2 protein chains.
Amino acid sequence: MTTINDIAKMANVSRTTVSRVLNNKGYVSEDVRDRILKLVKETGYTPSLSAKSLRTKKSGVIGVILPKISTETASRVVSGINEVVSKEDYQILLTDTELNKEKEIEFIRLLKSRQVDGIILLATNINEDLTQAIQTADLPFISIGQDLPGVTSILYDDYHAAADVTNMMISHQHKKIAYIGVGEQDPSVGGLRKEGYLDTMAKNELPIHNEWIQEGDFSIESGYECAKKIIKNSASNLPTAIFCVTDRMAIGAMEYLREQGFSIPKDIAIAGIGASTLSKYVTPALTTVDYFNKHAGEKAAQLLLAQMKKKKPKEKFVQSYRLIKRDSV
Amino acid sequence: MTTINDIAKMANVSRTTVSRVLNNKGYVSEDVRDRILKLVKETGYTPSLSAKSLRTKKSGVIGVILPKISTETASRVVSGINEVVSKEDYQILLTDTELNKEKEIEFIRLLKSRQVDGIILLATNINEDLTQAIQTADLPFISIGQDLPGVTSILYDDYHAAADVTNMMISHQHKKIAYIGVGEQDPSVGGLRKEGYLDTMAKNELPIHNEWIQEGDFSIESGYECAKKIIKNSASNLPTAIFCVTDRMAIGAMEYLREQGFSIPKDIAIAGIGASTLSKYVTPALTTVDYFNKHAGEKAAQLLLAQMKKKKPKEKFVQSYRLIKRDSV
DNA sequence: TCGGTTTATGGAATCGATACCACATTTATC
DNA sequence: GATAAATGTGGTATCGATTCCATAAACCGA
């Protein structure tokens, strides 16, 4: 492996000079510069970024913590982040918590010890330990999707999105609307979306039966199971619509309903949230909400970059969303 | 930021001893060990991995080069890689070439200078510069999806998969089979799959018309456009089936055909490759080929890890696949 | 021609860890 | 009880870059 010293020796200069050439900094004569550049090319020398990072306390890497690596949401967000940071020659170090809370905290420490210059977290929950860990890490930090106290956060407007979907169902004459959600440890997806639904139902004085409320785990299969429970448990009082907090669970629910011979949306309407590719191509096309995940990633990256350059006050940004009306309602 | 020196001072020992505790290496007395561990916990000290990596020449990071970050294939592969490497406490450094050939090479150099311990490349093309760059990087290296000379590669059996799909169509009495492919700069997807199709047609003495062969760019939209061209240009001689080399293009083609009032598979049958989630939930469900991408990622990671521990001869592994017969043929 | 910039280069310290060697003390072995 | 082996700890060099300071030649206006 060639190092800066090798180059220096070969060029008959000090390594300081080589460093100056490499970083375009300070005075270097034309002929020395050319000589060095030529050697760099010939030897294929690339500076050791560990050494550089050790000295400069900057790594050029930003850490991204994902709840699950292979989801459409995650990959869209990452794509947005990447688009922004790669322009400034930053790399992304990816970690995957597999929905494990402790790992979130573990990774924050890990990323810190890897000298990342900043962290973006796709959060799935809020807890004291987590905010504590973020505080002690003392790094530029952005959270996407959850409103973490003391942390600049990019938020989806879960409450209003859910309310809008519910309202839209109501405007289609639905009065008996069921709900497939997720656990409330996830304050955004599990909490706010449910509130949006419940409040809207209440405002419209529509009764809700316990059997209509089911809780899944984000997966298509769990959507299927929840729909089954809803149908089985409320035989005498079937809902005419089901609001699912994610597209995938909505797809699962549709699958079950179709198997059972229900026609969508005639017998039962369905809507989801997420605007997955899937939602567009199922039949009937799924009514859903576009959260502009990629844009959230871009925004997060921009904020992070800004925060890295200059300490900024913590802020909250609520993203807009778009209701996509299709055929399932 | 606390360093190993701070801990050493506080514990009244040398930093050598602290290092020994941290790495569980060499002799340390119980009481010193406890004292140090306690301090580590109290201060929240995490060792600088840049320093460590500078000294040890190992970074605990493996680089992954993707053609496009937000695709189902990529995220499945990454998920597989992650599953394996995270068990051994490696992290993934992700890079995204955005289908840009030069970036592939640039990233190899970049990852090298970041001291990654190995690289996994989801290759989309083969060229001299690329194999050259891999050679000079001189790092443990695995390619997925393309047979790179001199590089351990995990390959999908594109030729036989395509032949199988074509044969299956033929066994359903199709004689006029069209083809939607991609450019042959991608030897696997563009080259081998096409060969599989062409050879199978030839073996069965089935004629192919030029208008039946179209080339897209992996996107759903391009599938749509290709289908349009096929239908428009061969009005007098419509195919009864279209084989698409990717699911997404198949979905696009289906969309166009549906718009035009064709019934699938009665009027025209369709099949893809990739076993995307999408393929399962479109109507009619798409016949496709499962390439076990996640498994490919796992395998790649295992091979890479093995290669990192011990120099291994370069090998080629051809993965198996599974034809998934659904309703679109 | 003289003092002051500007240009050009090198030397030494430093970042935070690990590795190797040296040395002292205990413990085991015959 | 002498010698060998195991245990415990510290000192110093080192990894490959950057940074700061020193030095010197070239240039320049008065």
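Chain letters run A, B, ... following the sequence lines, proteins first, then strands; residues in each count from 1. In this text, all values refer to a predicted model and were calculated from it rather than measured experimentally.
Set against C:dT14, C:dA17, D:dG10, the side chain of A:R55 has C:dT14 as its closest nucleotide. Comparing C:dT9, C:dA17, D:dA17 by their closest approach to the side chain of A:V32 singles out C:dT9. With D:dG16, C:dT18, C:dG10 as the candidates, the nucleotide lying closest to the side chain of A:R20 is C:dG10. Ranking D:dT18, C:dT9, C:dA17 by closeness to the A:S29 side chain, first place goes to C:dT9. With C:dG16, D:dG10, C:dG10 as the candidates, the nucleotide lying closest to the side chain of B:T3 is C:dG16. Checking C:dT14, D:dG16, D:dT12 against the side-chain heavy atoms of A:L54 singles out D:dG16 as nearest.
Using a 4.0 Å heavy-atom distance criterion, A:T16 is classed as a base contact. In this structure, A:T56 reaches the sugar-phosphate backbone alone: every heavy-atom distance under 4.0 Å involves primed, P, OP1 or OP2 atoms, never a base.
Comparing A:Y45 and B:N12 by the nucleotide of DNA chain D whose heavy atom lies nearest to each, the residue mapping closer to the 5' end is B:N12. Between A:R15 and A:V28, the one whose closest nucleotide on DNA chain C sits nearer the 5' end is A:V28.
Phosphate contact (OP1/OP2 of D:dG16, side-chain N/O of A:S48, threshold under 4.0 Å): absent. Residue A:S19 places at least one side-chain N or O closer than 4.0 Å to OP1 or OP2 of D:dT18.
In plain terms, the two heavy atoms of B:F107 and A:Q91 that are nearest each other are CE2-NE2, 3.6 Å.
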Fill in: Residue pair B:T43, B:I7: steps toward the side chain to side chain contact (heavy atoms under 4.5 Å, CB included) verdict
CA-CA 9 Å; B:T43 55; B:I7 301 285; 3.6 Å; yes
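For B:S50 and A:S53, the side-chain atoms include at least one donor-acceptor pair closer than 3.5 Å. A:T46 and B:K112 share no side-chain donor-acceptor pair at under 3.5 Å. A donor-acceptor pair shorter than 3.5 Å cannot be found between the side chains of B:T152 and B:K314. Using modelled atom types, one finds a donor on one side chain and an acceptor on the other under 3.5 Å when comparing A:Q146 with A:D186.
Rounded to whole Å, atom P of D:dG8 lies 9 Å from atom CZ of B:R33. Spacing between atom CE of A:M1 and atom P of D:dT14 amounts to 20 Å, rounded to whole angstrom units. To the nearest angstrom, C1' of D:dC15 lies 10 Å from CG of A:N5. Spacing between atom OH of A:Y27 and atom P of D:dA26 amounts to 17 Å, rounded to whole angstrom units. Look at NZ on A:K57: it is 10 Å from C1' on C:dT14, rounded to the nearest Å. Rounded to an integer number of Å, the gap from CG of B:D6 to P of C:dC15 is 11 Å. Rounding to whole angstrom units, NZ of residue B:K25 and P of D:dT9 are separated by 18 Å. One interatomic measurement links the two molecules: NZ of B:K9 to P of D:dG11, which rounds to 13 Å at whole-angstrom precision.
The base of D:dG16 is not paired with the side chain of A:S50 by any donor and acceptor separated by under 3.5 Å.
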